[in-house]
Amino acid sequence: MASTPSSTLLSPLYESNTFCNFTSLQKLSFPLNNKLLHSKSVTLTTTHVSLQEQSDISNPTNPRKTASSSKSSYIWVNPQSPKASQLRQKSYDSRYASLVKMAESLDSCNPVEEDIFNVLAALGDKVVEQDAVVILNNMSNAETALLVLKYFQQRLKLSKEVIIYNVTLKVLRKSKDLDRAEKLFDEMLQRGVKPDNVTFSTIISCARQCNLPEKAIEWFEKLPSFGCEPDDVTYSVMIDSYGKAGNVDMALNLYDRARTEKWRIDAVTFATLIRIYGAAGNFDGCLNVYEEMKALGVRPNMAVYNSLLDAMGRAKRPWQAKNIYADMISNGFQPSWGTYASLIRAYGRARYSEDALKIYREVKEKGLELSVVLYNTLLAMCADVGLTDEAVNIFEEMKASGTCQPDSWTYSSLITINSCSGKVSEAETTLNEMMEAGFDPNIFVLTSLIQCYGKAGRTDDVVRTFDRLSDLGLSPDERFTGCLLNVLTQTPKEDLHKLTVCLEKANPKLGYVVKLLVDEEAVEEGIFKKHAAEILDCVTTDVQKAYCNCLIDICVNLNQLERACELLDIGLTLNIYADIQSRTATQWSLQLKSLSLGAALTALHIWMNDLNKALENGEEFPSLLGINTGHGKHKYSEKGLAGVFESHLKELNAPFHEAPDKAGWFLTTKVAAISWLESRRAQEVVAA
DNA sequence: CTAGGGTTAG
């Protein structure tokens, strides 16, 4: 092996810097402990470092004098000097490295006692407890680790047996093996080893990582019965577990308790709190925690910054993400992969595509090697903002990088992009490429394909794709069903029955409601509304609006305006829509942002009725009336609601005109509005 | 890295 300057600095006890050389390890028996560390002097050769007994040293009073008694020349080093501590560190590092190597070979060893014990025999007889801890702490194979534990328990007189149990629990946690962890805990008790806070926090975080937050809570609650009082770390783990269990209140309660009990709350716990607030959608809560943390004099760490960036991304507040990023840099931190990923997501969600792509260029310019996750984050961002060509470029660069390969996420994003931009054959090609790479389509891919075929009017392919889901052993989720529902809004009447069959399979109650519409079935008054309300009430809030919008669109397409109005009413009652109509002394407004076209037309219809009533009642009109459609363009089409709505207003001869200085607003005056309403009423009378 | 917490995704 080539001798590098650093390898020549090793103790003479090592043959080379190949630390997995167990023969030399055996001879070594690890010199760091005991008297060697505490000897008065440390010697150094120009080619070798040696930590030896003082007897080797000819003149301890002159630390700089060169000794000539041995073959190599030695230099005196004062044990208190930085050099000596450097030497100790070097020696420690090399010993540590060899133990890590041993842990690795134990990980890949057969999980049989004989093989394991053979590997460990290389440690020799003078094994110390600390070595056992280092080895286990670096292992990741649960099965072999349990045998390693057994070996040390047989060979060593352990002064603190709880420690070796605790590091073994860490290994079990790495393999997410709560069953074995619980068994090991029982074994501890049987052997009379008393568990401590480390034991509990490790088991609790194991439960949390196994996605069993209830189990975590169970363990936390039994902690006092073992004579333990939770400390700051245990609180921190539990705060996280409550957060994961969706029990935000309990998480915050615990934080309050930790605070009143004057535990030192550190940056990791604050990062956890920020994540919990972020997941709960309380983004101001995130910022408050950040401020509170700074006020308490706790220095933020990367986890804090990254969770904040992530939260601001979810909140669609890219400007705040920028501020936090600037804070982070000015405090001397370097962005991590997590930072880049959070920023890309934050910019993507806010449609700041240029900023997101700038991050990509920055990473490349720095010569950093992108990981699959970062590539996938970029592609997901492209899908979010509709950057079709960029996505293809990034995908090509990813494949050319040679450092990472596309996975199912990669293909999924590409299929989404192709589907949303109506490129059916490209989506199909990507699907085939994905399957050739060994990935089955997952629910996200199939959701995109349903959208893709739906948009292209290929109803039979939608049905085929729908059936593929159950063929693959998957069941529809709310998004998948929502996309199917959305396809119905774009499908000609004669094809709708093919899709209601699917919808009934995916969600019988929703299927029933849609069937009432499609079959134009007359039912007792209130029945339709009752069933529709039930459906909308039981889906999660993040799909409620999409479902409601789609149902209204289907009504409008089928000319069932009354039911459309009923649905809009349900939407208002359930707070799916808020403040559609508003009145101030100077302006009456109709707020249509985030409504589908059908829902917007329905809301306009209701508003006009209400204006008529106001007119009949002789109410005083304000000087200005306005409709806000929002100016957001749809990501995969040129026209937003504003563009489509404008032509509808013309059809109605409505006097509303787009305000030149307020994008997305259509305004009219009191006089024009009243004369328009009156002329419509006159027409209705004539028609009647 | 040094017996416990978090850290890159629809």
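Only a predicted model underlies this, so the values are computations on that prediction, with no experimental measurement involved. Within every chain, numbering begins at 1; the chains are lettered A, B, ... in the order of the sequence lines, protein sequences first and strands thereafter.
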The side chain of A:D266 lies closest to which of these nucleotides: B:dG5, B:dG10, B:dG4?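 Nearest to the side-chain atoms of A:D266, counting from C-beta on, is B:dG5.
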
Out of B:dG10, B:dG5, B:dT2, whichever nucleotide has its closest atom nearest the side chain of A:Y96:
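Nucleotide nearest to A:Y96's side chain: B:dT2.
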
Exercise. When the P atoms of B:dC1 and B:dG5 are considered, how many whole Å apart are they?
Worked result: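 After rounding to an integer number of Å, I get 12 Å for this pair.
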
Quick one: does A:L431's side chain get under 4.5 Å of A:L449's, heavy atoms only?
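Yes, close enough: below the 4.5 Å cut-off.
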
Roughly how many Å is it from [atom1] in [X] to [atom2] in [N], rounded to a whole number?
| X | N | atom1 | atom2 | answer |
| --- | --- | --- | --- | --- |
| A:Y340 | B:dT7 | OH | P | 20 Å |
| A:Q334 | B:dT7 | CD | P | 22 Å |
| A:L156 | B:dA3 | CG | C1' | 15 Å |

pi-stack flag for A:W409 and B:dA9, centroid dist under 5.5 Å, interplanar under 30° |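 Stack criterion not met.
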
Is the Lys NZ or Arg CZ of [X] less than 6.0 Å from the centre of [Y]'s six-membered ring, within 45° of the axis?
| X | Y | result |
| --- | --- | --- |
| A:K294 | A:Y290 | yes |
| A:R275 | A:Y277 | no |
| A:K364 | A:Y360 | yes |

N or O in side chain of [X] less than 4.0 angstrom from [N] OP1/OP2:
| X | N | answer |
| --- | --- | --- |
| A:N137 | B:dT2 | yes |
| A:R349 | B:dG10 | yes |
| A:R345 | B:dA9 | yes |
| A:R208 | B:dG5 | no |

Assign [X] to base, sugar-phosphate, or nothing according to its heavy-atom contacts below 4.0 angstrom with the strands shown.
| X | value |
| --- | --- |
| A:A271 | nothing |
| A:S371 | base |
| A:S307 | nothing |
| A:T269 | base |

Taking the six-membered ring for Trp, are A:F439 and A:Y411 parallel (under 30°), tilted (30 to 60°) or perpendicular (over 60°)?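 Plane angle between 30° and 60°, so tilted.
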
| query | Would one find more than 12 heavy atoms of other residues, nucleotides or ligands at under 6.0 Å from atom CZ of A:R299? | reply |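 Result for CZ/A:R299: open.
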
Practice prompt. Check the surroundings of atom CZ in A:R479: do more than 12 heavy atoms from other residues, nucleotides or ligands lie under 6.0 Å from it?
Written response: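 Incorrect, the count does not exceed 12.
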
**Asked** Between A:Q405 and A:Y375, does any side-chain donor sit less than 3.5 Å from a side-chain acceptor?
**Response**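 Judged by distance alone, the side chains do not pair up.
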
query = Can you name the nearest heavy-atom pair linking A:P441 to A:M434, along with the distance?
reply =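 In terms of heavy atoms, the two residues are closest at CA-CE, 3.5 Å.
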
Does anything in residues 161-176 of chain A reach DNA chain B, meaning a heavy atom under 4.0 Å, and if so which residues?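 Only A:I163, A:N166, A:V167, A:K170, A:R173 qualify.
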
Contact residues, residues 237-247 of chain A to DNA chain B [heavy atom, < 4.0 Å]: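 Output list: A:V237, A:D240.
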
- request: May I have the step-by-step check of ring-ring contact (aromatic ring centres under 6.0 Å, His included) for A:Y235 and A:Y255, ending in yes or no?
  value: CA-CA 8 Å; A:Y235 273 130; A:Y255 168 58; over 10 Å; no

